[in-house]
Amino acid sequence: MSSFVDKHFIFLFDVKGGGKRLSYGKDSDDAWEVLGFRLSEEELDQTIKDKYTRIKQAELRKYVDDLR
Amino acid sequence: MSVNKKSTPNQDHSDQLPPTALQRQWRALRKSVATKNPHLWSILRANRHFLHEIRQDLSNQGIGQVLGSFGNFVPNAAELLPKKRSPYIWVDLGEFGELTSFDSEACFQDHGVGLLRTIMHKEGLISDLVSLRTTNSWDTIRKQLKNRKILILNVRSYHVEPAREAARIFKELNPDGVVVTGGMHATVSPTEMQEIKEFDKICIGPGENVIVDLVSNPDSFPRVFPGKGAASMADWPWIDRTLWPKPVGLLKYKMNWPLEPGLRWGPRPVATVLTSRVCPWQCSFCNEMSYIKNMGRRPVDDVIDELNDLDDKWGVGSVVIHDSMFFQKPNWLKEWLEKYPKRANKTWPYWAAARSDTVREWPELFERLVRETNWNSVSIGFEAGSDRALRILNKQVTEEDNAFTIDLVNRIGDDMEREGLKPVSFWSNIMLGIPGERPEDAFKTIRMIKRMKRARLSAAYYAAYPGAALGHQIIAEGKNLKPGEHQRGDGQRIKGVDYDFYDDLLNGKYDQQVNEGLDLETRSRVVDFGETAVYS
């Protein structure tokens with residue numbers, strides 16, 4: 001999807017046991033699908049699809065230490 | 001297969017004849033000299049390329065320009081006089097010898113160093129500079145670092161190691177001296193910077209509005225502090241390019257210092273300029289806007305005035321617009337379209353960057369810029385040829401956007417060729433080994449490259465860098481195979497990526513799959529990765 005069609009955001013999905021896992025897309029479903037392109041089933045199972053925070057690119061540095 | 005490792009433009013070699021006996025003997029002799037006496041070989045090569053380039057410059061620019069360039073061999077009077085040693089010294093970071101070898105490609109100057117030194121000098125803080133790139137050993141650097149008060153380093157991620165060594169030597173020679181650092185690595189990875197004990201001051205963010213106070217009174221700053229940038233690029237002074245390191249040897253000719261040699265995107269000497277700062281898009285391997293604040297673009301007139309000034313002083317051959325994203329903000333581009341051909345001393349050909357979706361959004365403006373302003377080298381980060389891989393990279397472009405842009409540039413290039421003009425071509429960034437990329441995605445990338453009639457490729461395996469969204473996430477997952485190493489071109493980087501597959505792909509094992517559905521002309525087109533990171 002072109003940048004002229006949809007605005008994209010960064011999504012931080014909660015990880016079981018603590019921390020966040022980052023992905024991006026026009027909405028959380030889109031970001032979840034992109035995450036699935038890259039992670040193994042086991043890794044995806046550790047990530048909680050319905051618990052996420054949506055952030056802007058400019059805020060990214062605030063969350064780096066939370067990533068797992 | 002049609003993947004070529006040599007650095008030549010994308011072209012069809014299918015009509016080449018087999019070598020004659022004399023050509024075979026000549027190649028054997030060259031190979032023998034290169035193997036048995038590499039030093040002699042490098043001298044012969046440099047001299048041959050030197051003469052070849054003089055011939056090219058004579059035909060492109062005429063005798064006046066070539067004679068002018070020879071002035072670089074003669075030191076001016078000021079250079080011969082003994083100089084008073086400044087308490088402030090910059091170390092220009094990079095690879096040893098980059099500004100000594102005539103065949104070196106990595107010859108671009110550092111705009112950050114140039115800008116900050118210019119600001120210091122305007123305020124009367126005269127500094128010296130020693131460059132790693134004009135020497136081949138730390139001994140030479142060591143001599144220059146003695147008896148100084150302040151060492152200043154602009155640290156990029158891929159220069160962390162030489163920065164650390166320069167700081168270590170400086171502190172050994174000047175125990176009371178202060179090491180002042182800043183630059184992109186300080187901004188994207190402040191923790192790594194703080195772990196280097198020799199770095200006394202670390203400026204996070206832009207330094208142009210802080211450098212004078214910092215150098216004048218370093219004790220008034222904490223160890224780590226936020227930088228202060230200008231609100232607009234219009235507030236920046238023009239860089240005094242004579243403050244850049246001067247190359248040595250035959251390279252002086254090629255560099256046309258204080259202008260630059262470029263990468264043969266256009267005739268030398270090359271004037272590199274910035275018209276804008278920060279790409280606002282969100283590609284997950286970059287995310288520049290998460291660590292650099294947006295700032296006002298330079299006025300069109302100011303850019304043209306500076307180019308004319310450089311031309312008056314040194315004679316510009318072509319221009320490189322080093323913006324992360326030139327083709328944005330249509331109103332600015334329309335003003336550039338109107339004024340550059342009229343006001344510039346000459347409509348110099350230039351290299352500048354676009355995105356395939358912006359080209360598709362504003363195709364008429366793009367075509368007019370290519371034709372009327374001599375935008376002859378269009379840099380596009382295509383990166384990947386499949387929607388799936390493009391989504392992993394958060395490129396926010398589609399396969400269709402890429403195809404549209406390639407077909408448009410092919411068509412304009414064909415027209416220009418018919419009109420007897422030098423056709424527009426791509427400088428095309430390509431990424432392989434993207435985490436989560438499947439073989440069929442990589443096949444699509446090679447197919448996309450074959451669609452380009454005229455392109456030079458800059459290809460690399462994906463690498464996880466701090467600062468980028470995907471880079472941070474991959475590092476957090478423990479999948480970065482070379483943590484803390486930020487050198488480009490280090491080959492295999494990411495756990496889980498099947499690099500053997502890519503070796504096979506580049507060696508032609510999957511030609512049949514790649515060529516599926518392509519017409520004969522596209523299929524036979526050579527894919528030329530040059531000497532890029534995928535082979536290192």
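In the text below, chain A, chain B and the rest are named by the order of the sequence lines, each starting its count at 1.
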If I compare all heavy atoms of [X] with all of [Y], which pair ends up nearest, and what's the gap?
X      : Y     : value
B:G467 : A:L60 : O-CD2, 3.9 Å
B:R388 : A:F37 : NH2-O, 3.5 Å
B:I204 : A:R61 : CG2-NH1, 4.2 Å
B:I392 : A:Y24 : O-OH, 2.6 Å

Can you tell which part of [X] gets under 4.5 Å to a heavy atom of chain A, answering side chain, backbone, both or neither?
X      : answer
B:R360 : neither
B:T358 : both
B:T187 : both
B:P466 : neither
B:K479 : side chain

Step through the shown structure and confirm whether more than 12 heavy atoms of other residues, nucleotides or ligands are within 6.0 Å of CZ on B:R368. no

Does CG in B:N209 sit with more than 12 non-hydrogen atoms of other residues, nucleotides or ligands closer than 6.0 Å? yes

Mark yes or no for whether [X], through its side chain, and [Y], through its backbone, hold a donor-acceptor pair below 3.5 Å.
X      : Y     : result
B:Q473 : A:R68 : yes
B:Y291 : A:A58 : no
B:Q282 : A:H8  : yes

So CD of B:Q396 and NZ of A:K7: to nearest 0.5 Å the spacing works out to 10.5 Å

How long is the span from the CD atom in B:E288 to the CD atom in A:Q57, to the nearest 0.5 Å? 9.0 Å

Test side-chain contact (heavy atoms from CB on, under 4.5 Å), reference B:E477, set A:L67, A:L22, A:L39, output is A:L39

Tell me which of these, A:I10, A:D66, A:V34, A:D65, has more heavy-atom pairs under 4.5 Å with chain B than the rest. A:V34

If I measure from the heavy atoms of chain B, does A:E59 come under 4.5 Å with its side chain, its backbone, both, or neither? neither

At a 4.5 Å cut-off on heavy atoms, which part of A:K56 comes close to chain B: side chain, backbone, both, or neither? neither

Please list all pairs meeting ring-ring contact (aromatic ring centres under 6.0 Å, His included) that have one or both residues in residues 378-409 of chain B, counting only residues at least two apart or in different chains. B:F382-B:F426

